[in-house]
Amino acid sequence: MKAIQIAPSTYWVGVIDWALRDFHGYETSRGSTYNAYLVRAKEGYVLIDGVKRGFEAEFLERISSVCDPKEIHSVISNHAEMDHSGSFSDMMKLFAPDCKLYASPMGVKALHAHFGDEFPVSVVENGTHLILGGSRFDFVETRMLHWPDSMFTYFGDDAILFTNDAFGMHFASNERWYDECDLSILDQEAQKYYANIITPFSGIVAKLCANLPPYKIEIIAPDHGVLWRGDGITRILDHYKRWSDKDQTPRRALIIYDTMWNSTEHLAMRIAEGILQKGLHCDVMPIYATHRSDIAMALLAADTLIVGSPTLNQGMLPRVADVLCYLKGLKFNIRTAAAFGSYGWAPLGTKAVQEQLCCMCKNTLDSYVVNYVPTSEALNNAVAYGHQIAAEMLK
Ligand code: FEO
């Protein structure tokens, strides 16, 4: 397995994780890559980021196709999460005996917390640069993209911005460049990645996109998925600007529900019908058939969330609780929310859903509940409830 040269002095030496299907709760149905980059400095080599533990052999093979690992005198860690640092324990001892590891101030703390005193880490400050092996590397702190330690590294000789998690996607492929792949798949995977990883930090993304350092950028090189060049740079930046801008969230409803004996499901269809009758878009996702990370992706493109659950043991169905817990943490921009469901003794499932929605959205409407099985009148009322939601959406 050989390195891939991506610019005159820079090589991709990452690994491909074809089998990854779960990234802390996010379903990665197309696998992922852990991208790392080897830069030929004027003297020796600089490594930017590592890979996940367990992939050291592939990583080493790619590095060794370019240089003797002992020629690596500097390692820059843009982000300490284990998918990028897990290999350091085994790899650092293969590099030059005096090889230095650099990270942001929070990165130094995070690496220390992960690896103890296994190897010393030197701090690089925001807005500063280092000359490593005679070549210049600039550093930009990007706290919370996606951890407090995250930073970008810029290598001006090849005009590459190494952005770690930002602008990435979980997508395994033998192609390294965006323009070698099916763009519709990339757009979908980039949206899914943003929704499941970046959404809570949209405010930071918006500021970053508006104030990118004035570097000449010919390549954006993230640590997951494909690299961006040419028009691809504008494409991914435009996506991030749109997804991070609350005012650009489409006027669209998303209904998610679980059901016990189909009553809540029947209500879901009628509420959707009511919204559609008012000329608005509405997606429907049964939670029993949809992974939470796909629901998150859909919610990034919606401003209204409607959640259905029957009552089980005085609460909501467990799968609904799972999804609400996940969505709540991602802090989506939800302008209108509503809960609905059927019940037997008391509508406590819907009440529990509504309580969660109130924490996620200031404009949470009164719930719509039906005892046991909806009559035709109750189904008509569900359509009317859809009309009520649509009216809120149009305000
Ligand atoms: Fe790819 Fe936040 O790790």
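Counting starts at 1 for both ligands and their atoms, in listed order.
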- Give a yes/no answer: is there an N/O/S atom of His79 under 2.8 Å from atom 1 (Fe) of ligand 1? no
- Message: Salt bridge check, Lys246 against Asp303: does any charged N sit closer than 4.0 Å to a carboxylate O?
- Response: no
- Could you verify whether a donor N or O on one side chain and an acceptor N or O on the other, from Asp83 and His224, lie under 3.5 Å apart? yes
- Short N/O/S contact of His146 with atom 2 (Fe) of ligand 1 (below 2.8 Å): yes
- Query: Would you say Glu81 has an N, O or S atom lying under 2.8 Å from atom 2 (Fe) of ligand 1?
  - Reply: yes
- Do you see an N/O/S atom of Asp223, backbone or side chain, under 2.8 Å from atom 1 (Fe) of ligand 1? no
- Shortest-distance N, O or S atom of Asp165 relative to atom 2 (Fe) of ligand 1: OD2
- Polar side-chain atom of Arg251 near backbone of Met393 as donor-acceptor pair, under 3.5 Å: yes
- Message: For the metal site, I want the angle between atom OD2 of Asp83 and atom NE2 of His84 with atom 1 (Fe) of ligand 1 at the apex, to 10°.
- Response: 90°
- Message: Can you confirm if the NZ or CZ of Arg62 lies within 45° of the ring axis of Trp12 and under 6.0 Å from the centre of its six-membered ring?
- Response: no
- Task: Specify whether His239 and Trp243 have parallel, tilted or perpendicular ring planes, treating 30° as the upper limit for parallel and 60° as the lower limit for perpendicular.
- Result: parallel
